[in-house]
Amino acid sequence: MNNKFQGKGSGRGQGRGFGRGFGRQVGLETAYCPRKRRLCPKEEGHLSDLCIGQKALVKGVHNDNLALRRRLLDMGITKGVVVEVKKMAPMGDPVDIKLRGYELCLRKRDLRNIDIEVLE
Amino acid sequence: MKIALVGNQNSGKTTLFNLLTGNNQKIGNWPGVTIEKKVGIIKGTNYEIVDLPGIYSLSPYTFEEEVSRKFVFDEEVDLIINIVDATSLERSLYLTTQLQELDSKVIIALNMTDIMEKKGVSIDVDELEKDLGIPIVPISALEGSGIDKLVKKIKHYKDIEKKQNKIYEKDVEEEIERIISILNTNHKRFVAVKILESDQRFISFQTEDIKKSIECLETNYEVDLEQLIANQRYNYIVSVKIKSVREKIFKDTLNDKLDRVFLHKYFAIPIFVLIMFTVYFLSVGVIGGATVDLIAGLFEKFSIWFEQILISLNASDWAVSLVIDGIVVGVSAVLGFVPQLVILFLCISLLETTGYMSRIAFFLDRIFSKFGLSGKSLIPFIVGSGCSVPAVMTARTIENEKEKQMTIILTPFVPCSAKLPIIALFSGYFFDQYAGLVSASLYFLAIVVILFSAILMKKFVYKQKLSTFISELPEYKKPKASYVARDVWEKAWEFIRRAGTIILLCSIIVWVLLSFTWSFRYIDGVNLSIEDSILASIGKILAYAFYPLLGELNWGATVSAIQGLVAKEQVISSMNIIAGLDATSVSASVFETGMFSFFSKASAYAFITFNLFSAPCIATIAAMRKELGSTKKMLYAISFQTTMAWIISVLVFGIGTLLGG
């Protein structure tokens, strides 16, 4: 029941995620990939693994710091929401993600506690 | 009737508050809690409206949220005006659904409807109103539209029917119903949800029975209830939003294009340095310098004219001296810097309103986190170049307690506007055409000192591992002239007001201490000289502390520097008064008088350095005391600052002298 909005997002991402996303990355921003290998659609990982322009579905938020976790939930990072990595600071941290129609900046370390499934 | 204005940060809350109240606002304190709240009266009514801090949720975790929640829960609020940002509807409605769980009546002021249209979003207001069960008034706080309708709605608040929707899944709702039936408090639905969330404030309500149900729900959903409730709340909002909102999706907005420049991998920091340099170059350099001379000339003329009048009125010698050498000299020394400050305040206000300030915090966070600070520390630092008092208060938005305290202690190191006159006076005289460069070098020195102190504190006092950075990246906005003008005027007026109050008072005291001996004989400049004054004798003892950084035992500079505790601009007021009363003075510049002619380039730079970094003015000390939460921490902070200042300025003097200054 919580995954009511999952279908919409994953459908859109299939098939053309990698190619299109990569095309948009031409230029200096290609360097903004935190990992050597770009995660493919349907792959699972953490929000900190995404490159600029990638979209993902949030699977869960876990953090020992309850105040921080609640804050992330309050800001809309809940199960089933689609997030997109929009920008990164010059040194790759913090990361600016787009969700629910607005942009939120978080440190990479905190993004590691957010489980995702890649959409595109 | 009491109204609370609640909304997210950056939702235009303060703009709406100002529109509703006009100029009828006053600033007061929360009962028991130290935070400034704004209370006003809505124009044309007798309704009291309270501007609460910007929040995203009524959770108990952050200070602002705790305060706001206490207010809406404990105070008898007749009506809540919830300002909702139409451009980020989902996140805004998250707070709305929590407010709806209270017993109070709610009206939504749907703000930013003008920007929303540009962004290709259209909202079916009637549909949304029906689904939420809350009256909605579309407004644009920036353009001032829709306010009349909002006021009308407020006046008819009695007609509003309170509706509480069932927004959670069936099993959760059943549990809420069950808890409500056994509760005996106000705001039953709100409390019931908080009990399920295991909120600390309501944890005592959790009976064994409820605990069992919570456990049962958590096993069913494989997630704890706090998270489950957040999930379901957002799910409900999305289901409502789908029915009433149409969005066109723009792939590459102007906002993204601007960010590609301002947040560029390699250019972001050079652009930032360039912008900050321009800001200080404008205020301290060209325009500033020209206006200071102009105003000083005007005061000179005024002073001569006024002296003549006083003499023609047969005023006694000491009365003329008090007014001319004490009050006029002291006050004008400070007022001359108003044009510079206006430019500085204008620039800071523009950085804030355009949204660039949030970008700075974003791209410098990485560097700052290395020093144990947050990117958000930069906002107090930049605001601090205007005034440390509001700057120390902005530090509140930093999530981590240790980062917050470090920021509070370091903020006064930033050369504030009141220190600007000291920099301008000294660098203008001693470094002539390089004045701009010298001023800039002092700002960079300040950055070095801040980072160095941060390392020291991180190493020895505030040891920590974990910290966070959560910040919204708002869209770039065109600044609104009237808002900026108001902001600049308020800050400049505060400075002028101080010149007329505290600086005036201190000028009189300095004059008295300079014009009388311990046996209270008036120093007429014939039989007795200024060297015999009370202030001179005090200064001569304390001068030993300043010897290592001035290279001279000079009581005039010593007592002036100490007066920086009252207000930093008082340093130059005092120097002017001393120079003016010094019998040997004939020249226009204080540095050509007997008292201050000893200053070399090295000791001038060292003297500025000491004044920049030593304990801040009393107003800042009070703000620090309040924000740090204890007198002990405050005392620790100011002694740390003063020690740092002394060591650095002694080093500056030593190195400067070696270099042949």
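Protein chains get the first letters and strands the later ones, always in sequence-line order, with residue 1 at the start of each.
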**Prompt:** Taking the six-membered ring where the residue is Trp, are the ring centres of B/Tyr168 and B/Tyr236 under 6.0 Å apart?
**Reply:** no

**Asked** What residue in B/Asp256, B/Asp85, B/Ile367, B/Asn8 has the most heavy-atom pairs under 4.5 Å with chain A?
**Response** B/Asp256

**Prompt:** Yes or no on side-chain contact (heavy atoms from CB on, under 4.5 Å) for B/Leu196 and B/Leu225, after CA distance, side-chain angles and deciding distance?
**Reply:** CA-CA 7 Å; B/Leu196 286 180; B/Leu225 265 180; 4.0 Å; yes

**Contacting region of B/Glu197 [heavy-atom separation from chain A under 4.5 Å]** = side chain

Would you give me the side-chain donor-acceptor pairs under 3.5 Å for residues 88-97 of chain A, sequence neighbours excluded?
residue: A/Asp93; atom: OD1; partner: A/Lys108; partner atom: N; Å: 2.9
residue: A/Asp93; atom: OD2; partner: B/Arg366; partner atom: NH1; Å: 3.1

**Complete:** Looking only at A/Leu73, A/Ile77, A/Leu68, A/Leu104, the option with the highest number of non-hydrogen pairs under 4.5 Å against chain B is A/Leu73

**Donor + acceptor pair across side chains of B/Thr354, B/Arg359 (<3.5 Å)** = no

**Prompt:** Which one, B/Ala230, B/Ser471, B/Ser88, B/Ser59, leads in non-hydrogen pairs under 4.5 Å with chain A?
**Reply:** B/Ser471

**Asked** Is it true that B/Tyr56 and B/Tyr94 have ring centroids separated by less than 6.0 Å?
**Response** no

**Residue B/Ser374 versus chain A: region with a heavy atom under 4.5 Å** = both

**Prompt:** Just by distance, with hydrogens left out, do A/His46 and A/Asn113 show a side-chain donor and acceptor under 3.5 Å apart?
**Reply:** no

**Message:** I need the residue from A/Ala67, A/Gly76, A/Cys105 with the largest number of non-hydrogen atom pairs under 4.5 Å to chain B.
**Reply:** A/Cys105

**Prompt:** B/Thr87 versus chain A, heavy atoms under 4.5 Å apart: side chain, backbone, both or neither?
**Reply:** backbone

**Item:** Region of A/Leu66 in contact with chain B, defined by heavy-atom distances below 4.5 Å
**Value:** both

